[in-house]
Amino acid sequence: PEWGLYGYNITLGFSNMAAALLAVQHFNERNTSIIPELEQFKDCNVQLSIRNVFDTGGYSSLESAESLWRYVFEQSNLSDINRPFPWNEPSTPAAHEFCAIVGPNNDIPLIQLGAFASGAQVPLVASFQQEIQRDSKQQMISSVHPDIVDTSEILVSYLDFLGRDDIVVLYPFNNPGLQRQSTITNLLDSLNKNWKAVEYLDEDDHNFYESNIEQETRLTFNIAAAMERVRQLGYRTVIVDVEDDESNLQAIADAAVQWGMTGGEFMFVFAKPLNSRFFAKSEARETVNSNITRFLHGSSFPFPFTFDLLADSYDIPQTKSWGEQGPRFVSEVNRLNPIQSGETGYIHADNGFFQRQLPESYAAFIYDAMMTVGFGACDAPKQADGSVQGIDHKDAIRNSTFMGWSGFVRFGKTSAGRGGTRPAQTLAWGSIN
């Protein structure tokens, strides 16, 4: 079985792509020194390979999903590949050229890719997913990351533990942001906390800027104006929801410096973890600028403590294997890279790359997402020709249990809108401050 993989066009995406390939290697070897539970599949003839990697840089989800759909048609030798993207069309023969989709690492493209997976009747295993509401268009999505309900409960309980009672929620004015804001504020209400909500427009969100939003409205909701509003409200605990830490974080940090909010008076708590490169510097990581450094000083976020974070402090099997990868693995990662030389975000690994470069944040989740695809393919009932139906594969994926790179992997019970989501209790949670 083969699948398409989605990642950012930044270091994080390259690291995640490598982690996905590492999972393929360990699964195909049935490497029980890495994943002991692979012992049960010693007699399974399933071998995994990555068919294609698709870049979702810029979060243009429609373009990403459409590129996959075009690929499906090309593999089927169908001529009409330029017709509109069919969000709800039934499975096509080419859909079975790959067995699953893994990723993406962000909510926004996940929404549309979930619709594609439903139409193609192939499972999609997300490495990061915090959407609440799902309908028939997202029935094939599973996630090795807890959803927005669980992560919001962790966040609010953390603030309650700190004794924070007056809270501002700063969130992007888009579907994931609105859902996260609603979830967080409902939880704050349940604890009788005082709260205010301030929205902003993502300045890189082309969906908003290609719509008919008036220029005056855009200025009202821009990040600088939103941060000024936060300052004026008088509450000193601010939950910051950043969909894209590569662009929005810069604008929010600049605004915080502009309005004098970085002197320790405000406590900024992030609704979800940032890329670890903003906190841990090394030769292989970019240096953050002074405004981001000032903004993050004293800020915090609760996060699932996975074994890839601060990986140099832990002698664990996956991290050790990562550092042992040589020329053959490097060549395959470079071959799969969807970003070409000269394009923004291009990375070319040399033979010593994996000895110098630690896994970026969330590499463990996409590794475990890949592993569930193999577990499900081996465990699902087979058709007469040995193939696996997409629905059966999805169900078997959700029955997977093993000790992965991110911790103990299992999925919660299916419930309305939340089927196939990993419970927060399977992870250890901490806070970076």
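Heads up: numbering here begins at 1 and tracks the sequence. As the structure is a computational prediction, the values presented were derived from the model and not from experiment.
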Are [X] and [Y] packed together at the side-chain level, in the sense that at least one heavy-atom pair is separated by less than 4.5 angstrom?
{"X": "Arg422", "Y": "Phe365", "result": "yes"}
{"X": "Ile391", "Y": "Gln121", "result": "yes"}
{"X": "Val144", "Y": "Met371", "result": "no"}
{"X": "Ile339", "Y": "Ile347", "result": "no"}
{"X": "Ile239", "Y": "Phe268", "result": "no"}
{"X": "Ile316", "Y": "Thr319", "result": "yes"}
{"X": "Phe411", "Y": "Thr372", "result": "yes"}
{"X": "Val257", "Y": "Arg294", "result": "yes"}

Check whether [X] reaches the backbone of [Y] with its side chain - one donor and one acceptor, N or O, closer than 3.5 Å.
{"X": "Ser157", "Y": "Ile154", "result": "yes"}
{"X": "Ser182", "Y": "Gln179", "result": "no"}
{"X": "Asn351", "Y": "Gly326", "result": "no"}

Aromatic ring pairing Phe41/Phe27, orientation class (parallel under 30°, perpendicular over 60°, tilted between): tilted
Geometric class of the Trp429/His145 ring pair [parallel <30°, tilted 30-60°, perpendicular >60°]: perpendicular
Criterion side chain to side chain contact (heavy atoms under 4.5 Å, CB included) against Val240, the qualifying member of Val269, Val168, Leu249, Ile252: Ile252
Derivation and outcome, side-chain hydrogen bond (donor to acceptor under 3.5 Å, both in side chains), residues Arg398 and Ser142: CA-CA 7 Å; Arg398 294 183 181 183; Ser142 303; 2.8 Å; yes
Verdict with supporting geometry, Val24 and Ile50, side-chain contact (heavy atoms from CB on, under 4.5 Å): CA-CA 8 Å; Val24 169; Ile50 296 177; 4.1 Å; yes
So, taking the atom named [atom1] in [X] and the one named [atom2] in [Y], what distance separates them when rounded to the nearest 0.5 Å?
{"X": "Asn192", "Y": "Ser190", "atom1": "CG", "atom2": "OG", "result": "8.0 Å"}
{"X": "Ile292", "Y": "Gln250", "atom1": "CD1", "atom2": "CD", "result": "4.0 Å"}
{"X": "Ser152", "Y": "Leu187", "atom1": "OG", "atom2": "CG", "result": "6.0 Å"}
{"X": "Asp379", "Y": "Asp392", "atom1": "CG", "atom2": "CG", "result": "11.0 Å"}
{"X": "Gln355", "Y": "Glu324", "atom1": "CD", "atom2": "CD", "result": "9.0 Å"}
{"X": "Leu233", "Y": "Asn194", "atom1": "CG", "atom2": "CG", "result": "12.0 Å"}

Gln258 and Asp254: CA distance, side-chain angles, deciding distance, side-chain hydrogen bond (donor to acceptor under 3.5 Å, both in side chains) verdict: CA-CA 6 Å; Gln258 176 185 347; Asp254 290 344; over 6 Å; no
Partner residues of Gln25 under the side-chain contact (heavy atoms from CB on, under 4.5 Å) criterion, sequence neighbours left out: Leu22, Glu29, Ser321, Gln325, Phe329
Heavy-atom closest pair, residues Asp368 and Gly407: OD2-N, 4.4 Å
Considering all heavy atoms, the nearest Ala369-Ala126 contact: CB-O, 4.4 Å
Verdict with reasoning, Val230 to Met261, per side-chain contact (heavy atoms from CB on, under 4.5 Å): CA-CA 10 Å; Val230 169; Met261 301 170 70; 3.9 Å; yes
From CA spacing to verdict: side-chain hydrogen bond (donor to acceptor under 3.5 Å, both in side chains), Asp189, Trp195: CA-CA 8 Å; Asp189 280 337; Trp195 61 267; 2.8 Å; yes
Side-chain donor-acceptor contact under 3.5 Å, Ser300 with Tyr158: yes
Option among Phe354, Phe353, Tyr346 that satisfies the ring pair (Phe, Tyr, Trp, His ring centres under 6.0 Å) test with Phe14: Phe353
Residues Cys378, Arg30; criterion side-chain contact (heavy atoms from CB on, under 4.5 Å); working and verdict: CA-CA 12 Å; Cys378 280; Arg30 304 297 191 267; 4.0 Å; yes
Candidate pair Val156 and Leu191, rule side-chain contact (heavy atoms from CB on, under 4.5 Å), full reasoning: CA-CA 9 Å; Val156 171; Leu191 295 175; 3.5 Å; yes
NZ/NE/NH1/NH2 to OD/OE distance under 4.0 Å, Lys193 and Asp160: yes
Validation row, ring centre Phe375 to ring centre Phe402 under 6.0 Å: yes
